[in-house]
Amino acid sequence: MNNQDLLATLNDEQRAAVCSQGTHLLVIAGPGTGKTRVLVSRIFHLLNEGTRPEGILAVTFTNKAASEIKERLSRLGLDRLPFVGTFHSWAYSLVLNSTKKRPYVMGEDEQRQLLREALEAAGIKGRDKGLKDRLLLLKQQYKPKIDEAEGELLALWESYHALLSEYDVMDYDDLIIRAVEIVEKNGSGYLSYVLVDEFQDVSQLQFHLVRLLARSSLITAIGDANQAIYGFRGASPRFMERFRNELGPVETVRLSKAYRCPQRILDAASSFIGEDSGLVSQKGTGEGIVYKCFENEEREAAWIAGQIDRLVGGTSFESLNAATGAADAQRSLSDVCILYRARFMSEPLVSALLRQGIPFHTPFRQRRKVSRLFFAIRHLAALLEGRTEDFHIKMLGIKKKEAVFLINQLKEAIEQGSLQDEFLKQLEARLNISVGDQEKQKLREIIGLLRSKAPLSLIFKEEQDELDFSVEAVTLMTLHASKGLEFPIVFLCGLDQDVLPWKDSDLDEERRLFYVGLTRSAEHLFLTSSKRRKIYGRRVETGPSAFLTKINDYLHKDQQKANRKKPSLKKKQKSLF
DNA sequence: CACTAGAAAATTTTT
DNA sequence: TTTTCTAGTG
């Protein structure tokens with residue numbers, strides 16, 4: 001594809017964003033306005049206008065987003081791509097270039113373990129009352145004012161960092177901190193353009209890094225402050241404003257044509273957020289938003305399952321007959337998504353779907369079941385690389401003597417390029433695990449890779465638990481996980497008091513979370529709540545969320561209740577709002 | 001050191 | 001309700 005053809009496929013605003021030059025650029029991209037499209041097209045355009053790939057950096061927050069961009073770029077027929085990756089992977093490559101020794105970046109569980117140790121070293125006993133979380137949040141600051149932190153947090157900070165340097169390991173945030181240092185020292189003159197996706201998700205530390213890069217590169221920030229839902233990990237919608245105010249001249253382009261949601265949903269969503277988003281749907285008015293409240297979460301789930309069954313034309317024998325009256329076009333199960341605030345809420349849904357015989361899948365954050373075997377091999381390999389011993393032996397949870405023994409066996413296996421039964425036996429015995437056939441096969445591959453001296457980070461790259469949307473199944477996920485996705489049919493359930501604005505959470509962020517949920521729907525949107533709900537084994541009187549009142553005008557209440565004409569019930573319902 | 005009973009807490013998530 | 005952590009035994 002050539003550049004002119006590509007530009008011709010964009011709308012005016014998108015084209016303005018893609019072609020912007022001479023200043024920093026802020027693209028405000030509401031739901032379904034073609035954010036990724038603009039990002040990809042702009043990179044393509046810049047390359048076509050003569051910028052070399054090395055002069056462009058595109059950063060995202062997830063590897064998934066990065067691969068999507070890369071894929072779309074290659075589909076446009078580019079042979080040399082610029083660096084497209086996460087903040088962290090870019091930072092890692094910077095660090096790698098500036099040191100002799102390969103840094104060891106801890107995984108989540110390793111960091112947890114180290115924090116535990118740090119707590120102990122700091123003499124903090126008993127429950128940690130969220131100290132760890134506060135430390136992690138503090139670390140999202142550029143040069144955090146730790147002296148002002150109260151005693152325990154300060155003590156934990158110091159003992160944690162003492163351990164990091166003692167063990168010669170880094171955490172993910174250290175990568176960004178090191179990147180800041182490197183850019184401060186060497187500048188980034190080689191970069192002409194830096195594009196940042198999902199800018200509303202940057203932490204203060206990342207914002208600072210971008211600000212540094214802005215000294216010698218033109219920055220393109222794309223995002224939507226209304227979809228900032230990661231405050232608990234240091235992000236803030238404020239950084240969108242600050243980008244505009246603090247980086248010198250910034251051109252702002254607001255994308256207003258929305259290709260996903262029908263107008264009614266956009267109106268409900270923007271009126272809820274209390275902002276005239278100016279989003280214009282390209283899909284017409286759309287159907288009404290259906291809302292229904294239930295007695296308890298089980299009835300709620302059963303109703304949802306029933307609706308899905310009806311919409312997809314019936315999957316069970318019973319509904320096959322009943323389905324003749326279905327008004328809607330036949331739907332596929334993969335068109336349907338059920339969203340909820342917290343994972344525990346999927347339980348009644350799962351039961352109801354099973355009962356109804358409706359297949360479903362969840363992007364279940366695989367409880368980090370990194371098998372103990374590969375975890376161990378990774379640490380043994382690190383030791384074999386000659387890294388500081390203490391950390392890795394500690395992580396292995398075995399005696400040094402045993403570790404040395406296993407290292408030698410691993411060394412031998414690598415040299416011979418084969419997996420000896422004896423080594424397996426020893427691994428099983430000393431690590432107290434059993435190794436299945438599949439793991440054995442994978443272990444052989446790993447040994448082969450280790451032999452080839454490929455970088456450790458590549459060998460032990462954790463597999464992502466991607467959701468396969470081609471599967472004929474309903475998708476169940478949290479509101480957070482749904483950001484960036486869209487489905488023709490969306491059920492947003494559990495809109496209860498203290499559940500959707502989650503109790504004691506930042507109200508504004510909860511609002512944005514609701515906004516995200518509403519705007520996932522490309523056609524039909526169903527909202528449900530419950531009067532009672534089981535939360536952690538406790539029956540709680542919840543009732544409809546106050547959020548629902550704010551979009552009351554846009555709701556199409558389920559007619560069953562209206563037909564029965566029970567004024568008392570109606571009144572009661574109303575008074576709840 | 002490994003095990004267990006009992007208490008306390010429990011969103012949301014990426015690298 | 002279920003998980004997770006601590007303090008206390010054997």
Side-chain angles (χ1 to χ4, degrees), chain A residues 59-67 85-93 95 103-113 115-116 119-120 124-133 136-137 139-140 170-179 197-198 200-203 205-206 209 227-235 297 339-348 363-368 370 397-399 432 457 460-462 464-466 477-484 494 496 498-506 509-514 516-517 533-540:
Chain A
V59 281
T60 61
F61 279 87
T62 64
N63 288 314
K64 194 179 150 213
S67 12
T86 61
F87 267 105
H88 298 270
S89 67
W90 181 66
Y92 185 80
S93 71
V95 175
Y104 187 94
V105 183
M106 292 182 293
E108 197 182 304
D109 29 13
E110 291 164 324
Q111 186 182 31
R112 249 214 315 267
Q113 204 167 319
L115 276 164
R116 257 164 176 259
L119 273 170
E120 206 180 308
I124 300 167
K125 294 202 179 66
R127 300 269 158 175
D128 82 87
K129 293 158 276 167
L131 265 183
K132 288 186 218 138
D133 294 338
L136 262 19
L137 208 53
K139 212 164 167 175
Q140 296 301 321
M170 299 169 94
D171 62 25
Y172 288 117
D173 303 323
D174 289 326
L175 283 173
I176 311 293
I177 293 168
R178 291 278 287 116
D197 192 18
E198 304 278 18
Q200 75 284 348
D201 288 346
V202 295
S203 66
L205 185 57
Q206 288 162 158
L209 178 57
Q227 294 184 67
I229 54 174
Y230 286 112
F232 63 91
R233 57 183 211 217
E297 77 283 355
L339 299 175
Y340 37 82
R341 174 64 242 253
R343 265 198 299 262
F344 74 86
M345 294 163 72
S346 71
E347 199 252 330
F364 234 166
R365 227 160 73 83
Q366 300 282 307
R367 277 298 284 147
R368 294 267 158 205
V370 186
I398 56 178
K399 299 250 162 58
N432 193 25
S457 56
F460 293 99
K461 199 172 163 195
E462 279 172 39
Q464 296 182 55
D465 35 323
E466 295 251 329
M477 63 181 149
T478 62
L479 283 164
H480 281 89
S482 75
K483 201 181 75 171
D496 297 14
D498 292 344
V499 174
L500 188 44
W502 186 265
K503 199 170 186 299
D504 303 326
S505 284
D506 174 18
E509 185 152 312
E510 297 295 305
R511 283 203 186 102
R512 297 190 291 265
L513 197 51
F514 187 43
V516 167
R533 182 175 301 276
K534 203 158 76 175
I535 300 177
Y536 305 131
R538 257 217 207 322
R539 286 228 93 78
V540 185

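Letters A, B, ... mirror the listed sequences (proteins, then strands); counts begin at 1. None of these values were measured; they are calculated from a predicted model.
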* Asked: Atom CD of A:Q227 to atom P of B:dT13: distance rounded to whole Å?
  -> 16 Å
* Asked: Tell me, which stems hold DNA chain B, with a stem being 3 or more Watson-Crick or G-U pairs in a row and both distances under 3.5 Å?
  -> B:1-10 with C:1-10
* Electrostatic pair A:E198-A:K483, nearest N-O below 4.0 angstrom -> yes
* A:E347 CD to C:dT2 C1', straight-line distance once rounded to whole Å -> 11 Å
* **Length of the line joining A:R112:CZ and B:dT14:P, which is rounded to integer Å** => 14 Å
* Sugar-phosphate only, base, or nothing, as touched by A:Y230 at under 4.0 Å among non-hydrogen atoms -> sugar-phosphate
* Structure fact -> To the nearest angstrom, the CZ-P distance between A:F514 and B:dT12 comes to 19 Å
What N/O pairs connect the protein and nucleotides 1-11 of chain B at under 3.5 Å? Give each pair on its own line.
unit_1: B:dT11; atom_1: OP1; unit_2: A:Y536; atom_2: OH; d: 3.3
unit_1: B:dT11; atom_1: O2; unit_2: A:R341; atom_2: NH1; d: 3.1
unit_1: B:dT11; atom_1: O2; unit_2: A:R341; atom_2: NH2; d: 2.8
unit_1: B:dT11; atom_1: N3; unit_2: A:S505; atom_2: OG; d: 3.2
unit_1: B:dT11; atom_1: O4; unit_2: A:S505; atom_2: OG; d: 3.4

* Asked: Can you check whether A:N63 has a side-chain N or O nearer than 4.0 Å to OP1 or OP2 of B:dT14?
  -> no
* Asked: Atom CE of A:M345 and atom C1' of C:dT2: how far apart are they, to the nearest Å?
  -> 17 Å
* To do: Whole angstrom is fine here: how far is it from CD in A:E198 over to P in B:dT13?
  => 15 Å
* **Separation of B:dT13 C1' from A:Q206 CD (nearest whole Å)** => 13 Å
* Pi stacking test for A:F232 and B:dT12: under 5.5 Å apart, planes under 30° -> yes
* Structure fact -> Across all chains, not counting sequence neighbours, the side-chain hydrogen bond (donor to acceptor under 3.5 Å, both in side chains) partners of A:D496 are A:R533, A:T542
* OG1 of A:T60 to NE2 of A:H88: how many Å apart, nearest 0.5 Å? -> 10.0 Å
* Indicate the atoms forming the closest heavy-atom contact of A:L339 with A:T478, along with that distance. => CD2-O, 4.0 Å
* Asked: Residues in side-chain hydrogen bond (donor to acceptor under 3.5 Å, both in side chains) with A:E510, at least two apart?
  -> A:R341
* Which residues satisfy the side-chain hydrogen bond (donor to acceptor under 3.5 Å, both in side chains) test with A:S89, sequence neighbours excluded? -> A:T86
* Could you tell me the separation between the CG atom of A:L209 and the CH2 atom of A:W90, rounded to the nearest 0.5 Å? => 5.5 Å
* Asked: Roughly, in whole Å, what's the span from CG in A:D197 to C1' in B:dT14?
  -> 14 Å
* To do: With sequence neighbours left out, write down each residue that passes salt bridge (Lys or Arg N to Asp or Glu O under 4.0 Å) with A:K132, or none if nothing qualifies.
  => A:D128
* Structure fact -> Here the pair of heavy atoms bringing A:A228 nearest to A:E509 is O-CG, 3.9 Å
* To do: Using a heavy-atom cut-off of under 4.0 Å over every strand shown, decide if A:R116 touches base, sugar-phosphate, or nothing.
  => sugar-phosphate
